[in-house]
Amino acid sequence: MGIPEHTTAGEPAGRGSGAVAGLARSCHPGPVVAVTTLTAALAVIGGRGAGGCVLAWAAVLTGQLSVGWCNDAFDAGRDIALGRPGKPVVDGLVGAGQVWTAAYTALALCVPLSLLNGLAAGAVHLAAVGAGWAYNLKLKATRWSWAPYAIGFAALPAFVTLGLPGSPWPHWWVLGAGALLGVGAHLGDVLPDIRGDLATGVRGWPQRLGPDRTRLLLPVPLVLASALLALGPPGPPGRRGTTALALALLVAVTGAVLGRRRERLAFATAVVVAVVDVTLLLGGTLSNLG
């Protein structure tokens, strides 16, 4: 794992508004906003009702905050040793101990909020949050680094539907598409940092593949997710599904070809395919329960 990451010795502790700003930045606000917004949309489409939507959103928000803060707190020792700019702990906005406190507080809130959505739904969500913590603390530097992402993304639609009367599971293609989206998210998230990660001893699955193979592999799980969402429901795919799948394939091929010279373009096209997948998911697949 490289440099020990639980150490907080010699780190400046943030105070007042600086600490608040540091905590806001260290929670990984982009993924937090994206995942909680997706959850809220899934809850609305799934028919959870106003109270159920708020409960689902609150549970996922606290879970995502706990995972994000855990990530930055655990990485603090390595970030300080390397002097990585842009990291709130490195910049002195907040201390690693404060970030750990925020992470444990959010996790403590996440447990009852998750269970208030129902025992089955809560258990699924807490398993996903546990997978996120396992990624931060151990799996990030192993060949299994993709697994927590797959579990976490597959758990989102299951968490929403299991909170409905009768606790129904989503169809298999929804779960499979969620897992594939998670794998794609992992590849895309790590791709820009692979070289730096290798220099600091982090050897997860994408780092072992290397930047070139990761770039080529990135669109594959996302396109497979598109295929599951378009072709999984019974009967012939509609025009919307066929068009979305064709668009995903076209964008993915474009990214694979042009991304050989421009890595950022490969990432951008993968984001487009992911948006297509989310659009398919929100377009009614979730409501087609067994």
Side-chain angles (χ1 to χ4, degrees), residues 30-31 33-35 37-38 41-42 45 135 140 143-154 156-157 170-198 203-286 288:
V33 171
V35 173
T37 301
L38 176 59
L42 290 174
I45 292 173
Y135 172 83
K140 177 168 61 176
R143 65 180 72 252
W144 293 97
S145 60
W146 57 272
Y149 277 79
I151 293 170
F153 275 73
L156 279 181
H171 279 305
W172 65 268
W173 61 82
V174 177
L175 295 174
L180 288 166
L181 273 171
V183 174
H186 176 45
L187 293 171
D189 185 45
V190 174
L191 178 60
D193 301 319
I194 286 179
R195 294 177 179 86
D197 288 340
L198 290 173
R203 290 184 54 80
W205 180 48
Q207 290 89 350
R208 294 165 191 254
L209 290 174
D212 292 334
R213 284 189 290 179
T214 298
R215 173 181 54 78
L216 291 174
L217 182 62
L218 171 57
V220 174
L222 300 175
V223 172
L224 289 176
S226 303
L228 280 181
L229 292 170
L231 305 176
R239 179 178 299 178
R240 178 179 61 86
T242 304
T243 302
L245 180 56
L247 176 62
L249 283 169
L250 177 62
V251 172
V253 171
T254 301
V257 173
L258 300 182
R260 297 176 62 183
R261 295 185 178 181
R262 298 183 180 181
E263 194 170 270
R264 289 185 178 181
L265 183 59
F267 178 79
T269 54
V271 170
V272 172
V273 178
V275 170
V276 171
D277 292 343
V278 171
T279 302
L280 279 171
L281 184 62
L282 297 178
T285 304
L286 182 66
N288 189 17

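A heavy-atom distance below 4.5 Å is found between the side chains of V220 and L217. Under the 4.5 Å side-chain criterion, counting only non-hydrogen atoms from C-beta, R195 is in contact with P211. The closest side-chain heavy-atom distance from W146 to V190 is not below 4.5 Å. Side-chain atoms of Y149 and Y135, non-hydrogen and from C-beta on, do get closer than 4.5 Å to each other. Contact annotation: the side chain of L222 never approaches that of L180 to less than 4.5 Å [non-hydrogen atoms, C-beta and beyond].
The line from OG1 of T279 to CZ of R240 is 9.0 Å long, rounded to the nearest 0.5 Å. Note that the CD atom of Q207 and the CG atom of L198 stand 6.0 Å from one another [nearest 0.5 Å]. To the nearest 0.5 Å, atom CG of residue L209 and atom OG1 of residue T214 are 4.5 Å apart. Atom CG of L175 and atom CD1 of I151 lie 12.5 Å apart (nearest 0.5 Å). Taken from CZ in R213 to CG in L187, the straight-line distance is 12.5 Å, to the nearest 0.5 Å. For the atom pair CG of D212 and CG of L191, the computed distance is 9.5 Å after rounding to the nearest 0.5 Å.
Nearest approach of A150 to V183, heavy atoms of both residues: CB-CG2, 4.1 Å. Looking at every heavy atom in both residues, V276 comes nearest to A244 through CG1-O, 3.5 Å. Of all non-hydrogen atoms in A248 and V273, the two that sit nearest each other are O-CG2, 3.7 Å. The nearest pair of heavy atoms linking A230 to L245 is CB-CB, 4.3 Å. For P237 against L231, the heavy-atom pair with the smallest separation is CG-CD2, 3.7 Å. For the residue pair A177 and L228, the shortest heavy atom distance occurs at N-CD1, 3.6 Å.
Using modelled atom types, one side-chain atom of D277 and one backbone atom of S226 make a donor-acceptor pair closer than 3.5 Å. Between the side chain of R208 and the backbone N or O of R203 there is at least one donor-acceptor pair closer than 3.5 Å.
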Side chain to side chain contact (heavy atoms under 4.5 Å, CB included) between L282 and L38, intermediate numbers included:
CA-CA 9 Å; L282 297 178; L38 176 59; 4.1 Å; yes
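By the side-chain hydrogen bond (donor to acceptor under 3.5 Å, both in side chains) test, S145 is found to be paired with H186, residues two or more places apart in sequence or in another chain being considered. Residues passing the ring pair (Phe, Tyr, Trp, His ring centres under 6.0 Å) test with W172, sequence neighbours excluded: none.
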